[in-house]
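Side chains are part of it too, since the values below use all heavy atoms of this structure and drop only hydrogens, waters and symmetry mates.
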Amino acid sequence: MGIIIKPIVTEKMTAQGEKLNRYGFVVSSDANKLQIKEAVEKMYNVSVVSVNTMNYAGKRKSRYTKAGMLTGRMNHFKKAYVTLAGDDKIDFYSNI
């Protein structure tokens, strides 16, 4: 399994990509900042200035159904914000 699992494509991250040249990715939970930097540079052919990471714990969820109350939790995941240098851009929609 690779370092980068999937990009985060939301309204907030799209705005940050346009203004601050910053992009978000869901990454492997055991990856460090240097590995994330190398993976993004290799995959998208850009130069990375900085990487910020954060771990999210899975929240407990419950809902009421006809069969009774169902409980569970969401998955744990790690998120990385990558800031690119200069005029580098990442286009997630280029191969749709």
Side-chain angles (χ1 to χ4, degrees):
M1 186 170 172
I3 301 291
I4 298 174
I5 297 173
K6 65 179 179 178
I8 299 171
V9 183
T10 60
E11 289 183 31
K12 184 176 181 181
M13 285 310 304
T14 304
Q16 285 188 7
E18 293 170 357
K19 292 180 184 176
L20 304 174
N21 213 13
R22 182 178 295 156
Y23 299 92
F25 297 95
V26 175
V27 296
S28 176
S29 60
D30 57 347
N32 61 24
K33 291 182 181 185
L34 295 175
Q35 293 171 336
I36 295 167
K37 179 180 177 179
E38 290 173 6
V40 171
E41 287 177 346
K42 188 179 198 182
M43 184 178 285
Y44 295 106
N45 295 325
V46 294
S47 58
V48 175
V49 174
S50 67
V51 178
N52 299 82
T53 61
M54 57 207 76
N55 287 311
Y56 282 87
K59 294 180 181 179
R60 292 196 168 274
K61 298 283 186 173
S62 62
R63 66 178 183 206
Y64 295 101
T65 63
K66 286 183 179 180
M69 188 167 169
L70 297 176
T71 59
R73 69 167 181 80
M74 294 180 63
N75 292 333
H76 305 290
F77 64 97
K78 186 174 192 175
K79 195 186 318 188
Y81 290 140
V82 176
T83 305
L84 303 181
D87 294 332
D88 290 342
K89 299 284 182 196
I90 296 176
D91 188 15
F92 295 124
Y93 304 109
S94 63
N95 50 353
I96 292 179

Visitor: For E18 and K89, work out which heavy atoms get closest and say how close.
Guide: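 Closest pair (atom of E18, atom of K89, distance): O-NZ, 4.1 Å.
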Visitor: Which residues, ordered by chain and number, are linked to M69 in its hydrophobic cluster, where ILVMFWY side chains connect at heavy-atom gaps below 4.5 Å, directly or through other members?
Guide: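 Listed partners: Y64.
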Visitor: What pairs with L70 under side-chain contact (heavy atoms from CB on, under 4.5 Å), at least two apart in sequence or on another chain?
Guide: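 So L70 forms a side-chain contact (heavy atoms from CB on, under 4.5 Å) with R63, T65.
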Visitor: Can you list everything that forms a side-chain contact (heavy atoms from CB on, under 4.5 Å) with D30? Sequence neighbours excluded, please.
Guide: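 For D30, the residues satisfying side-chain contact (heavy atoms from CB on, under 4.5 Å) (neighbours in sequence not counted) are S28.
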Visitor: Got a sec, which residues hit side-chain contact (heavy atoms from CB on, under 4.5 Å) with L20, two or more places apart in sequence or on another chain?
Guide: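 side-chain contact (heavy atoms from CB on, under 4.5 Å) list for L20, sorted by chain: Q16, R22.
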Visitor: Distance check, rounded to the nearest 0.5 Å: T14 atom OG1 versus F92 atom CZ?
Guide: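 Here the rounded value is 8.5 Å.
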Visitor: Enumerate, atom names and distances included, each donor-acceptor pair closer than 3.5 Å involving a side-chain atom of residues 3-11, sequence neighbours excluded.
Guide:
unit_1: T10; atom_1: OG1; unit_2: M13; atom_2: N; d: 3.3

Visitor: Less than 3.5 Å apart, which donor and acceptor atoms pair up between the side chains of residues 34-47 and the rest of the protein, not counting sequence neighbours?
Guide:
unit_1: Q35; atom_1: OE1; unit_2: N32; atom_2: N; d: 3.1
unit_1: E41; atom_1: OE2; unit_2: V48; atom_2: N; d: 3.1
unit_1: S47; atom_1: OG; unit_2: D88; atom_2: OD2; d: 2.9

Visitor: Can you give me every donor-acceptor pair (side chain of residues 49-60, partner residue at least two apart or in another chain, under 3.5 Å) with its distance?
Guide:
unit_1: S50; atom_1: OG; unit_2: T83; atom_2: OG1; d: 3.4
unit_1: Y56; atom_1: OH; unit_2: K79; atom_2: NZ; d: 3.3

Visitor: How would you list all residue pairs meeting side-chain hydrogen bond (donor to acceptor under 3.5 Å, both in side chains) that involve residues 66-78, not counting sequence neighbours?
Guide: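 Counting only pairs at least two positions apart or across chains, no side-chain hydrogen bond (donor to acceptor under 3.5 Å, both in side chains) contact touches residues 66-78.
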